[in-house]
Amino acid sequence: MQLKDTKAAAMELLSELPIKKPRKLKRSDITLIVLSFICALFLWAYIASNIASEVTPQFRDLPITVDTTNTQAERLGLMLLPESAEELQTLTVTCTVYGNRAAIGGLTRSDLEAYVDFDSDIMDMTGVQTLPVKIRTKNGAPFTKADITPSRVSVNMDHYTRKEVPVTDAEHPNLSTNEEAIIREENITYSPAKVEVSGPSKQLAALDHICVNINDTEDLLESKTFDSSEYTFMDAEDKPVNGAAFETNVGLFSVTIPVVYSRTLPISVEIVNVPDGFDVSTIYKRLSIVGSSKNYSLPGYGEDNMQITIETPHLDYKQSLDDLNSYNTYSIALSDLIPGKTVTRSFPAAEGFESPDNITSVTFKLDDADLQTETRLIKNSDIELQNTNDRFAYDLRSPDGNTQVTLCGTAEELAMVDSDDLKAYVNLISKTEKGNTAVKINVTLPDTVSGVWVQKPPSLALNIKAAE
């Protein structure tokens with residue numbers, strides 16, 4: 001009973017709701033529905049036909065990308081010469097691509113990239129090759145259907161090679177010195193002194209050396225080392241070489257700029273072992289330095305002197321250099337001067353000094369036009385033994401008991417010397433062992449002559465034995 005009562009109540013409630021009864025379609029309503037369906041069908045067909053249709057957009061003035069990375073050209077060791085790359089950078093192409101509207105209808109110039117194909121037609125040869133130009137999207141997808149003008153370009157290729165190049169020059173426009181100091185350009189040193197350069201063989205053949213550029217600004221008083229990462233590739237005529245395609249194994253150079261203090265001085269010599277009373281100025285007047293084309297007088301004894309440039313890289317030695325009036329680092333013993341013979345001495349540099357003139361030796365010549373030599377005899381018994389030792393007995397030996405002495409001088413002065421005027425002695429201070437030895441005879445000339453000297457003092461055999 002309860003279920004029937006509930007159903008009746010529900011039915012009564014529904015009957016009271018404002019629900020419209022369905023209206024019977026009129027003819028005009030049916031016509032409107034059919035027309036709407038036909039319009040929708042035509043619209044769908046139009047859209048479908050346009051999306052699937054082929055389009056041919058054209059793009060002008062596309063730049064060409066040039067890159068041999070990971071291409072057959074790179075695997076063959078080929079690279080593009082810089083001048084050829086520069087020409088391609090100014091070249092553009094016109095491109096027409098083909099495809100349906102759905103695929104390419106929205107393309108713009110920024111979506112496309114023209115490039116030289118270094119894979120398909122490349123040959124293992126240097127020189128000019130003609131390679132195709134192709135089109136791809138910026139993400140690397142190629143276009144198989146496209147017309148490109150120009151469709152091929154000429155490229156100049158060369159093999160990639162290596163070369164060791166010396167570092168020989170430095171540009172330093174902002175380095176200066178005071179008026180007394182000099183930058184010795186020819187002595188600039190570099191580290192490293194050689195660099196390995198890689199690049200096209202044709203351009204490497206023109207590369208001769210490297211010039212380091214120093215941009216520091218400084219007033220130099222002494223030598224100094226600068227670091228620089230800037231440099232220029234140069235040919236044999238000191239003209240820059242385009243190094244855009246070069247690679248090096250060095251990024252930083254150390255360059256030492258030598259600063260020196262320099263003076264040009266006459267060469268002089270010192271005569272040593274001169275006996276008391278001898279007028280050594282007569283020897284200086286007679287001596288000359290033998291040159292390649294003429295002879296030079298010694299400073300103070302003629303105006304035509306041989307000059308040498310002396311330098312020091314040390315500021316501490318500058319005052320010593322300024323104090324010099326001539327340059328002399330060696331001497332000649334008076335007894336070594338013999339008429340008709342020259343005397344050659346090596347030319348060492350004094351401590352702290354050097355010479356850029358590369359003089360290794362100097363030869364001296366004696367003006368012997370009026371000189372003569374004469375031989376005199378001294379009795380061995382008249383030779384004084386000095387600084388003897390009471391533990392020993394000494395015996396000077398010569399074939400006839402006399403020692404020959406050769407004198408040199410003018411005829412007038414030699415005539416003033418008698419054998420009886422000659423005195424001789426032997427200094428035995430260093431002779432402290434028994435046995436046979438040789439000793440040099442020292443000869444003393446009379447005070448009456450000042451221009452005669454003994455040539456090559458003689459030596460005698462000396463026997464040293466125990467005293468009895």
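Every heavy atom of this structure was used, including side-chain atoms; hydrogens, water molecules and symmetry mates were not. These numbers come from a predicted model, not from an experiment. Count residues from 1 along the sequence.
- No more than 12 heavy atoms of other residues, nucleotides or ligands sit less than 6.0 Å from atom CD of Glu351.
- For the residue pair Thr126 and Asp158, no side-chain donor N or O sits within less than 3.5 Å of a side-chain acceptor on the partner.
- Between the side chains of Gln455 and Ser335, no donor N or O sits under 3.5 Å from an acceptor N or O.
- With sequence neighbours excluded, no residue forms a side chain to side chain donor-acceptor pair (under 3.5 Å) with Ser176.
- Among residue pairs with one or both ends in residues 70-87, those qualifying as salt bridge (Lys or Arg N to Asp or Glu O under 4.0 Å) are Arg75-Asp119; sequence neighbours excluded.
- A 4.5 Å side-chain heavy-atom check between Val97 and Gln58 finds every atom pair outside the cut-off.
- The closest side-chain donor-acceptor pair between Ser228 and Asn215, if any, does not fall under 3.5 angstrom.
- If you check the side chains of Glu218 and His172, you find no donor sitting under 3.5 Å from an acceptor.
- For the 3.5 Å distance criterion, the side chains of Asn139 and Thr137 qualify, holding a donor opposite an acceptor.
- In summary, the side chains of Thr282 and Asp279 do not present any donor paired with an acceptor at a separation below 3.5 Å, with no hydrogens or angles considered.
- The environment of CZ in Arg345 is crowded: more than 12 heavy-atom neighbours from other residues, nucleotides or ligands sit within 6.0 Å.
- A donor-acceptor contact under 3.5 angstrom links the side chains of Asp238 and His209, judged on distance only.
- Judged by distance alone, the side chain of Arg136 and the main-chain N or O of Glu113 form no donor-acceptor pair under 3.5 Å.
- Note: Tyr301 and Tyr284 have parallel aromatic rings, judged against thresholds of 30 and 60 degrees for the angle between ring planes.
- Side-chain contact, Thr256 with Thr225: a donor N or O sits under 3.5 Å from an acceptor N or O.
- No more than 12 heavy-atom neighbours from other residues, nucleotides or ligands sit within 6.0 angstrom of NZ on Lys365.
- Below 30°, between 30° and 60°, or above 60°: for Tyr231 and Phe233 the angle between ring planes is above 60°, a perpendicular geometry.
- When only modelled atom types and interatomic distance are considered, Asp227 and Ser254 share a side-chain donor-acceptor pair under 3.5 Å.
- For Asn249, the CG atom is densely surrounded, since the number of other residues' heavy atoms within 6.0 Å is greater than 12.
- Within a 6.0 Å sphere centred on CD of Glu179, other residues, nucleotides and ligands contribute 12 heavy atoms or fewer.
- In this structure, Tyr261 has its ring center no closer than 6.0 Å to that of Phe353.
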Item to check | Chi angles and distances behind the side-chain contact (heavy atoms from CB on, under 4.5 Å) call for Ile64, Thr92 | outcome: CA-CA 6 Å; Ile64 297 179; Thr92 60; over 6 Å; no

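- A donor-acceptor contact under 3.5 angstrom links the side chains of Thr309 and Thr264, judged on distance only.
- The existence of a salt bridge linking Lys134 and Asp117 is confirmed by a sub-4.0 Å separation between a basic side-chain nitrogen and an acidic carboxylate oxygen.
- Of the N and O atoms on the side chains of Thr232 and Asn213, at least one donor lies less than 3.5 Å from an acceptor on the other residue.
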Checklist entry - Can Val155 and Leu88 be said to form a side-chain contact (heavy atoms from CB on, under 4.5 Å), step by step? => result CA-CA 8 Å; Val155 295; Leu88 292 176; 3.8 Å; yes

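- One finds a salt bridge joining Arg152 and Asp121 here, because a Lys/Arg side-chain nitrogen approaches an Asp/Glu carboxylate oxygen to under 4.0 Å.
- Sorted by first and then second residue, the ring-ring contact (aromatic ring centres under 6.0 Å, His included) pairs with a member in residues 113-145 form an empty list; sequence neighbours excluded.
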